[in-house]
Amino acid sequence: MSFEIPIGPQHPIHVEPLMLRLTVEGELIVDVDVDVSYIHKGIEKALETRPYIQGLYLVERICGICNAAHSLCYCLNIEQLLGKEAPPRAKYLRIIVEELSRIHSHLLWLGHYFHTLGFETLFMYFWRDRERVMDMLELITGNRVITSYNTIGGVRRDLAPEAEQNLRRALDYIEERMRYYEKVIDSEPTILARTQGVGILKPEDAVKMGAVGPHLRASRIKHDIRLDDPYSGHDEVPFNVVTWDTCDCYARIKVRVREVYECVNMIRYALDHIPSGDYRLKIPSFFKTPPGESLARVEAPRGELVHYSISDGGEKPYRYRVRTPTLANLLSVTEMLRSRGDYEVYIADVPAILGGIDPCICCSARIVITDEARRRRMTMTLDDIIRLSRERRVEKR
Amino acid sequence: MGIAEKLVRKCRARSPWILLFDTGACNACDLEIAACLTPRYDVERFGVLARGSPRHADILVVTGPVTRQARDRLIRIYEQMPEPKYVVAAGTCATSGGVYWGCYNTYPSLDSIIPVHAYVSGCPVKPEAILKAISILVEKIERGEV
Ligand code: SF4
């Protein structure tokens, strides 16, 4: 049967689907093909036509969730081309905002993931607590989501003393809530049934498929750009790299929950030890960079983010290339969705597994399922698949 | 207008169901619209419910610049929605192209493709702005102005 299941991009919470071509035998998935091409806007080309300072605003809008990581990576790149370095205070401020947006991203993902699993209450809780983080981002940077905080040669504004007090209180609140959520996650049988042993990615496969970020760390591999290649004073701020042994969807939840604690501690440390001094270098708005090339890596909430630029000595980059973490993680989805041996994957597991990599594609397509044995066509929305997934899993157990 | 029509308008204004469609947004606008559905902003108190299918929706909320690949699907979704239907362009991208102005793969604005009833600017839009846009639109629907 030839199933075609297009999943529209109009789902209220998960708005960014991708094309997965699943080959199924009955309920069992035997092969997968991934395609990400829908929301292509031509950002890299547009960057070549804009002066560096204008490019900064475009780069931030590659992805709204990881915008702090994107703008940081861009600034590091251009600073490298200019041969300059941000002042120490700016580095600490960058860490604070980067980690805050990591908390925001992880809370968002956790909420969305439980929504996919059918746990609406937890979704509402996570998103409610996330608002507290958004308030802090707004207080420090002046905007809720797209922060525009990093700029070439530092950050755009300093941290006010009142903001610091507020921030500390918000961190206490988040930490306390996360402890509660961790207890819920560990004691809730539905969550455990839906995630334990589902979507297993062995460490060898994870490395082979080039997985990055929390997704890789959930497969027991200790890899974090903040540790391996400290880019913004991360060698001064202590933190643990969280890994988990079970390599399944449950491990992915645990890694992200634990990372929130790490982020909280890093921000506390940064607030305690922030050096005084300038928070940005004086760099004119329009400038030329010496010819050359540069590459910067940043640990975005979803994993390693790479920006590469070539300058020909002009006011604009000659070429700018961006490799986002989701692109790296998508390959491993093909590995996780393929049944082999006694590892079985059902259609009902697709949302749990796909959600597990925290897909942030800013591009949309749909899922097409093909089963060659029988011939029939059927259309489903993402809602249908999620509903199916909720029902089927319960039946199976 | 007759009594019956008044009644219909009133009922319609009480439960506008929305459909969110991402035509190429950077995600930030989608997040803010999703934030509207969560406890802090809670659009449900105005009877607004987010739906996953165009056939259930009254208001189409579009975010992002319209890319070439998304255009046909946008039109198809718009056509699938039952009459009367309203469109809200959320974000600077949807209203005027925004930061992606001049990219080779995007259209300059949403209203060059489908009719738009409300524009919300901001990059990204604030949840409060979306609430305001929806409530103004609902009032207009009730008065029969759109
Ligand atoms: S208006 Fe701004 S925030 Fe919204 S989708 Fe466009 S670029 Fe992103």
Side-chain angles (χ1 to χ4, degrees), chain A residues 6-17 37-43 45-46 49-50 54 57-67 70 104 108 111-112 123-132 134-135 138 143-146 148 360-366 381-384 386, chain B residues 18-42 49-57 60-70 73-74 76-77 80 91-93 97-106 122-128:
Chain A
I7 290 191
Q10 70 274 39
H11 188 257
I13 307 298
H14 192 204
V15 282
E16 298 177 302
S37 64
Y38 260 78
I39 296 192
H40 173 82
K41 295 180 281 273
I43 292 179
K45 189 74 198 164
T49 63
R50 300 182 186 194
Q54 290 184 358
Y57 300 96
L58 185 56
V59 158
E60 270 182 317
R61 283 158 180 83
I62 290 176
C63 167
I65 308 177
C66 331
N67 68 81
H70 275 285
H104 132 68
L108 177 147
H112 170 236
F123 162 66
M124 290 294 178
Y125 268 147
F126 273 118
W127 278 62
R128 191 194 63 188
D129 293 339
R130 178 179 156 269
E131 285 298 328
R132 193 73 187 260
M134 304 316 281
D135 287 347
E138 190 169 11
N143 206 348
R144 273 167 57 90
V145 179
I146 301 235
S148 293
C360 166
I361 311 143
C362 299
C363 79
S364 64
R366 54 237 164 153
T381 63
L382 183 56
D383 279 348
D384 290 335
I386 288 181
Chain B
I18 63 168
L19 171 71
L20 173 59
F21 186 60
D22 170 356
T23 53
C26 76
N27 229 350
C29 279
D30 305 319
L31 277 186
E32 293 294 60
I33 292 170
C36 284
L37 308 171
T38 55
R40 160 99 47 111
Y41 299 101
D42 194 18
L49 213 56
R51 303 306 300 180
S53 157
R55 297 191 202 281
H56 299 166
L60 176 65
V61 180
V62 181
T63 59
V66 185
T67 64
R68 284 181 197 279
Q69 292 99 315
R73 277 189 304 141
L74 173 68
R76 203 159 66 228
I77 282 179
Q80 280 176 2
T92 312
C93 284
V99 72
Y100 305 110
W101 179 266
C103 285
Y104 59 80
N105 213 30
T106 60
C123 183
V125 282
K126 293 204 90 168
E128 292 92 337

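So you know, we letter chains A, B, ... as the sequences are listed, proteins then strands, and number each from 1.
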Legend entry - Validation row: A:R50, B:V99 side chains within 4.5 angstrom (heavy atoms):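 A:R50 vs B:V99: side chains touch.
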Query - Any A:V145 side-chain heavy atom under 4.5 Å of B:C29 side chain - result: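 No; the side chains remain at least 4.5 Å from each other.
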Practice task
Just do the side-chain contact (heavy atoms from CB on, under 4.5 Å) check on B:C93 and A:R61 with the steps written out, would you?
Solution key: CA-CA 11 Å; B:C93 284; A:R61 283 158 180 83; over 6 Å; no
**Asked** More than 12 non-hydrogen atoms from neighbouring residues, nucleotides or ligands closer than 6.0 Å to OH on A:Y125, yes or no?
**Response**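 No, not enclosed.
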Of all heavy-atom pairs between [X] and [Y], which one has the smallest distance, and what is that distance?
{"X": "B:A35", "Y": "A:W127", "answer": "N-CZ3, 3.8 Å"}
{"X": "A:N143", "Y": "B:C123", "answer": "ND2-O, 4.1 Å"}
{"X": "B:N27", "Y": "A:G64", "answer": "CB-N, 3.9 Å"}

With side-chain contact (heavy atoms from CB on, under 4.5 Å) as the test, would you mind laying out the steps for B:C26 and A:N67 before giving the verdict? CA-CA 9 Å; B:C26 76; A:N67 68 81; over 6 Å; no
Report the distance from atom [atom1] of [X] to atom [atom2] of [Y], rounding to the nearest 0.5 Å.
{"X": "A:I43", "Y": "B:N105", "atom1": "CD1", "atom2": "CG", "value": "10.5 Å"}
{"X": "B:L31", "Y": "A:R130", "atom1": "CG", "atom2": "CZ", "value": "5.5 Å"}
{"X": "B:K126", "Y": "A:M134", "atom1": "NZ", "atom2": "CE", "value": "10.0 Å"}
{"X": "A:M124", "Y": "B:T38", "atom1": "CE", "atom2": "OG1", "value": "6.5 Å"}

message: So does A:A46 get a backbone contact from the side chain of B:Y100, meaning a donor-acceptor N/O pair under 3.5 Å?
response: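 Judged by distance alone, no pair lies under 3.5 Å.
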* To do: For A:D135, enumerate each residue passing the salt bridge (Lys or Arg N to Asp or Glu O under 4.0 Å) test, keeping only those at least two apart in sequence or located in another chain.
  =>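 Only B:R40 meet the salt bridge (Lys or Arg N to Asp or Glu O under 4.0 Å) criterion with A:D135.
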Report task. Sort B:P65 into side chain, backbone, both or neither according to what part of it lies under 4.5 angstrom from a heavy atom of chain A. Result ->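 Only the side chain of B:P65 comes within 4.5 Å of chain A.
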Against chain A, label B:T63 side chain, backbone, both or neither, depending on which of its atoms sit under 4.5 Å from a heavy atom there.
->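 Neither part.
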A:H70: what forms a ring pair (Phe, Tyr, Trp, His ring centres under 6.0 Å) with it, not counting sequence neighbours?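 With neighbours one apart ignored, the set is A:H307.
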